[in-house]
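These notes are about the structure you will find just below.
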Amino acid sequence: MASQRSKDLLGDTIPHGDITPEAVFRDRRRLMQMAGALGAGALLPAGAFAETAAPGNTGAQKLAAQSNPAYRLSDALTPYKDVTTYNNFYEFGTDKSDPARNAHTLQTRPWQVTVEGAVAHPGVYDIDALLKLAPLEERVYRMRCVEGWSMVIPWIGYPLADLIKRVGPTGNAKYVQFLTLDDPKQMPGLSSPIIQWPYTEGLRMDEAMNPLTLLTMGLYGEVLPKQDGAPVRVVVPWKYGFKSAKSIVRIRFVDAQPPTSWNRYAPSEYGFYSNVNPQVDHPRWSQATERRIGEGGLFTPKRPTLMYNGYGAQVASLYTGMDLRKNY
Ligand SMILES: Nc1nc2c(c(=O)[nH]1)N[C@H]1C(S)=C(S)[C@@H](COP(=O)(O)O)O[C@H]1N2
Ligand SMILES: [Mo]
């Protein structure tokens with residue numbers, strides 16, 4: 001039933017065999033144009049469109065994607081080892097090392113994502129259909145945790161906007177809510193009522209539609225490791241890390257600002273917007289600087305945190321006229 005619906009949802013509107021090669025071609029040409037526009041075309045090294053490979057034999061399934069030159073950074077990538085062993089994923093424990101140790105119990109197949117609420121085409125997407133909904137891109141994003149550390153990660157996914165356009169939000173869709181799986185049999189952390197489960201996050205519709213917002217299925221050329229939110233998560237690089245919900249099973253289109261996990265936990269410390277902002281401190285610590293994971297040691301100077309995590313050119317206009325101290 002579930003897979004039948006997801007098949008209908010995709011099959012009715014896009015016969016894959018027909019449209020994908022064309023879309024991929026169009027996308028490739030778009031990427032080439034962007035590379036040219038950046039003046040980088042001639043400088044791209046051979047293989048620039050190949051995936052960034054995880055080092056060594058990780059045993060994980062490869063996930064092919066074209067590197068999108070519009071989303072590369074001069075910052076060094078955070079080593080794969082750090083990306084996959086220094087995690088926040090409270091469903092598997094609260095220590096940074098817990099998710100890598102415990103997330104093996106997560107079953108990522110079969111996996112369905114329910115799309116519901118104010119949309120023309122609600123339904124259940126199978127993860128394998130979701131993977132084919134739009135061309136996969138590799139994008140290197142800077143990530144900033146509210147706790148004061150940061151990473152640079154080569155994600156694989158496609159804009160969440162591609163999915164949103166497909167399901168057709170109605171006029172009542174003002175916000176999008178994401179809900180993580182909450183199965184205590186697979187997630188040992190659920191036995192501790194630290195936050196209210198399931199983990200949930202949300203975005204305003206224009207934030208969700210922004211091209212930066214990535215529906216993410218992989219990193220470092222492979223499918224997402226379980227500790228990083230397999231098989232599908234969202235990545236919102238101009239916001240603190242907790243906005244980027246992992247292992248999503250439900251995407252809900254709603255007319256009012258949805259409850260979100262950390263806001264519900266400590267509303268005076270974690271707001272709904274949670275845009276990276278070095279000028280607005282957390283009530284208990286400064287947000288002006290950050291420690292880049294994998295870079296140097298304890299005595300390596302911290303980096304200054306950038307407004308909107310360095311993505312102001314793409315997102316600052318979303319917040320024109322808003323008081324960022326009030327809307328933290
Ligand atoms: N479901 C769920 N999603 C989550 C979290 C979590 O505990 N549960 N932690 C968040 C926080 S605080 C951060 S910083 C990022 C970390 O992502 P990473 O471990 O892949 O770097 O995931 C976010 N998404
Ligand atoms: Mo975080």
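First listed ligand is number 1; within each ligand, the first listed atom is number 1. Residues take their numbers from the sequence shown, with the count starting at 1.
- Checked options Gln287, Arg144, Arg142; the residue passing with Thr305 is Arg144 (criterion: side chain to side chain donor-acceptor pair (under 3.5 Å)).
- Each of Tyr240, Trp238, Tyr311 was scored for a side chain to side chain donor-acceptor pair (under 3.5 Å) with Asn275, with one residue passing: Trp238.
- Two rings, from Phe92 and Phe89, have their centers less than 6.0 Å apart.
- The nearest heavy-atom contact from the protein to atom 8 (N) of ligand 1 is Glu91 OE1, 2.8 Å.
- Side chain of Asn210 to backbone of Glu207: no donor-acceptor contact under 3.5 angstrom is found.
- Here the protein heavy atom with the shortest distance to atom 9 (N) of ligand 1 is Asn88 O, 3.3 Å.
- Between Asp323 and Arg325, none of the side-chain N atoms (NZ, or NE/NH1/NH2) sits under 4.0 Å from a carboxylate O, so this pair counts as no salt bridge.
- Against a heavy-atom cut-off of under 4.0 Å, Phe89 is close to the following atoms of ligand 1: 1 (N), 2 (C), 6 (C), 7 (O), 8 (N).
- For atom 24 (N) of ligand 1, the closest non-hydrogen atom on the protein side is Ser244 O, 2.8 Å.
- Which of Pro99, Ser261, Gly241 comes nearest to atom 15 (C) of ligand 1 through a heavy atom is settled by distance: it is Gly241.
- At a 3.5 angstrom cut-off on N or O pairs, Glu147 does not count as close to ligand 1.
- Residue Cys145 has at least one heavy-atom neighbour below 4.0 Å for each of these atoms of ligand 1: 14 (S).
- For Arg233, every heavy-atom contact with ligand 1 shorter than 4.0 Å involves the side chain, none the backbone.
- Between the side chains of Thr216 and Arg233, not a single donor N or O lies within less than 3.5 Å of an accepting N or O.
- Here the heavy atom of the protein found nearest to atom 3 (N) of ligand 1 is Lys246 N, 3.2 Å.
- Protein heavy atom in closest approach to atom 6 (C) of ligand 1: Tyr199 CE1, 3.4 Å.
- The protein non-hydrogen atom at the shortest distance from atom 7 (O) of ligand 1 is Tyr90 N, 2.8 Å.
- Taking only nitrogen or oxygen atoms, main chain and side chain alike, Asp228 reaches within less than 3.5 Å of ligand 1.
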Handout entry: Residue pair Tyr270, Phe242: steps toward the ring pair (Phe, Tyr, Trp, His ring centres under 6.0 Å) verdict
Key = CA-CA 10 Å; Tyr270 310 106; Phe242 65 82; 5.6 Å; yes
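- In terms of polar-atom proximity, defined here as any N/O pair under 3.5 Å, Asn87 does make such a contact with ligand 1.
- Listed by number with element, the atoms of ligand 1 under 4.0 angstrom from any heavy atom of Thr180 are 1 (N).
- Between Arg303 and Glu290 there is no salt bridge, since no side-chain nitrogen of the basic residue lies less than 4.0 Å from a carboxylate oxygen of the acidic one.
- At a threshold of 4.5 Å between non-hydrogen side-chain atoms, the residues Leu63 and Glu222 do not count as touching.
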